[in-house]
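First up is the structure itself, then whatever we jot down about it.
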Amino acid sequence: MKPAQIVYRIRPSRPEAHLFEVRCTLATVDPAGQRFALPAWIPGSYLIRDFARHVVAIRAEAAGKPVALAKIDKHTWQAAPVNKTASLTVICEVYAWDLSVRGAHLDQTHAFFNGSSVFLRPLGGERLPCLVDLQPPLGDRYRDWRVATALAPASGVKGSARARGFGLYRAANYDELIDHPVEMGRFALASFSACGVPHRVAISGRHDCDLDRLTADLTRICEYQIRFFGEPAPMPNYLFLVTAVGDGYGGLEHRASSALLCARDDLPYAGMKGTPERYRTFLGLCSHEYFHSWNVKRIKPAAFTACDLGSENYTTLLWAFEGFTSYYDDLTLLRCGTITVDDWLGLIAATIDRVDRDPGRQRQSVAESSFDAWTKYYRPDENTPNEVVSYYAKGSLVALALDLTLRAGTNGRCSLDQLMRALWQRHGEHERERHPGIGVGDDDIRLLAEELSGLDLASFFAEAVHGTAELPLARLLKPFGIRLRREKGSTTPSLGVKTSASGDELKLATVYQGSPAQAAGLSAGDLLIAIDGLRLTPSTLERLLCRRQAGTLVTVHAFRRDELMAFSVRLGPPTAGKHRLRIKQQGNALRKAWLRGQPAVLDELGDDRRLLDDDRRAPSACR
Ligand SMILES: [Zn+2]
């Protein structure tokens with residue numbers, strides 16, 4: 001009897017043409033005609049991407065003979081019925097030229113792919129175990145290519161290709177198969193252990209990364225987060241799969257790995273002093289994706305427990321899964337001693353500025369933003385700042401506000417840390433204990449927070465999550481001895497626009513809702529020419545405006561559809577200054593417990609005061 005499993009084989013067949021050859025063989029087929037589909041989206045990135053558009057050739061065969069294959073919608077094919085004793089194989093060529101963490105990319109230097117871009121899903125066979133054969137491209141020039149993936153190797157395969165990582169791997173089902181991105185090529189590889197769990201970092205692309213420094217910092221981040229949720233770690237091993245490029249930034253979480261894209265200058269170099277901003281941002285990205293190993297990969301919104309890969313899956317909870325993760329990514333760096341309290345307060349202030357800058361925060365709640373991620377947040381246009389609030393940025397401020405509310409309301413007895421651990425215990429998918437995980441419903445976070453704290457949080461959630469009122473952060477920070485205020489802003493009057501520059505040309509990228517520019521009829525896309533008859537360029541805008549007063553009427557000339565138009569704009573008040581957080585009261589016990597967190601890593605480092613109360617010096621423990 002044939003084993004009930006799906007066997008895949010993938011080879012970079014023509015790297016110079018960016019083509020993979022992918023075979024999918026099914027032993028037991030639907031007698032009415034087996035259907036195969038590619039996902040329309042990849043979990044973790046909420047946009048319909050229609051990966052099937054990159055399938056450039058496809059055919060089927062059984063017992064060595066061709067089988068007719070009909071395309072029945074944008075991403076589904078149906079094979080003609082075959083003898084049920086015959087295996088059916090579909091062979092396709094997939095074009096891969098998307099240098100992002102969400103798709104597939106192939107050339108003569110490397111191959112990267114997510115399974116959602118290349119592996120056909122036999123409909124009805126999603127729960128079958130999968131075997132996948134990773135094959136190297138043919139030819140001498142690829143002789144030294146290796147494989148990096150967190151897929152589990154299938155036993156019993158040996159040889160030199162195997163030593164480089166090629167050969168058979170297995171996955172319990174289709175979901176698991178596509179949750180393990182694969183890199184092939186020449187990459188730097190380093191390994192480390194976090195709480196006894198083997199971890200690896202593979203970096204492809206040209207770089208001069210100080211791997212010792214990177215693994216030392218990642219060890220602390222990973223160990224902190226494993227202990228935060230409680231040992232044992234849910235994954236048997238973990239892989240950070242990094243692609244270093246000239247300029248780029250992105251990350252995508254998976255159950256035992258993350259795909260990361262960064263600028264090569266973001267990586268640490270030998271002899272580097274301290275934690276420069278670019279490296280801090282990269283560590284924040286690693287911390288973010290790693291935190292997702294729990295929050296969204298194993299604690300999931302109810303809508304994601306059985307994903308429909310063919311269309312949008314709606315949840316109102318991305319503010320918790322992305323926002324809370326964004327809150328904890330940098331808080332982890334602080335609690336690990338990688339950044340100082342000053343650094344961290346600066347990062348929060350920058351997030352407050354980011355949310356505060358756009359009028360969208362007054363039009364959309366974070367729950368609505370989560371639900372509409374597919375069509376709004378992930379498909380930004382010129383009007384997005386006016387209509388959309390980021391469930392990442394505002395979601396992380398909601399996390400901050402909730403943490404402060406829980407701590408202050410219970411005199412430090414309850415916290416967001418405790419809530420996260422309770423979510424993990426009640427809703428988490430604990431593979432080792434065969435606990436499948438119970439999806440988080442729309443109201444579950446509020447109910448659990450109320451249960452743990454004994455507080456009535458109905459109005460907090462109504463306003464912060466489902467409403468658009470400003471978060472009362474200054475008031476909430478006060479009991480923690482931290483003052484939030486605005487610095488003095490510039491005195492230059494404003495048009496109320498966001499511009500984009502290209503050479504000497506200055507275009508309107510966004511005209512803010514209710515702004516002087518909008519009242520005068522200026523629009524996104526207008527090419528600015530002059531103010532009061534004087535030429536406008538990216539370098540003269542500020543100079544021309546700063547000599548005028550708010551309330552002054554100016555004439556702005558602009559091209560729209562190549563027609564010169566004149567607009568009378570009454571200049572608005574200067575934009576407000578940036579936010580700043582400052583510690584006003586030393587030795588505040590509530591703050592100390594909050595910043596130190598549990599487990600108290602800083603205590604283990606032996607000198608918590610250095611970071612918590614004298615926050616001007618960079619910690620030495622991270623070097
Ligand atoms: Zn995320």
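The analysis underlying the following values was restricted to heavy atoms, covering all of them including side chains, and did not include hydrogens, waters or symmetry mates. When a residue number appears, it is its place in the shown sequence, counting from 1. For ligands, and for the atoms within them, numbers begin at 1 and follow the listed sequence. Nothing here was measured: the structure is a model prediction, and the numbers come from that model.
Remark: the Asp217 side chain and the Tyr279 side chain contain an N/O donor-acceptor pair separated by less than 3.5 Å.
Aromatic ring centres of Phe321 and Phe304 lie farther apart than the 6.0 Å criterion allows. Taking the centre of each ring, His430 and Trp424 come in below the 6.0 Å mark.
Sorting the N, O or S atoms of Glu322 by how far they are from the Zn ion (ligand 1) puts OE1 first. Note on His288: its N/O/S atom closest to the Zn ion (ligand 1) is NE2. Considering just the N/O/S atoms of His292, the one nearest the Zn ion (ligand 1) carries the name NE2.
Look at Glu253 and the Zn ion (ligand 1): no N/O/S atom of the residue is under 2.8 Å from the metal.
In this structure, CG in Asp403 is found 9.0 Å from CG in Leu419, a value given to the nearest 0.5 Å.
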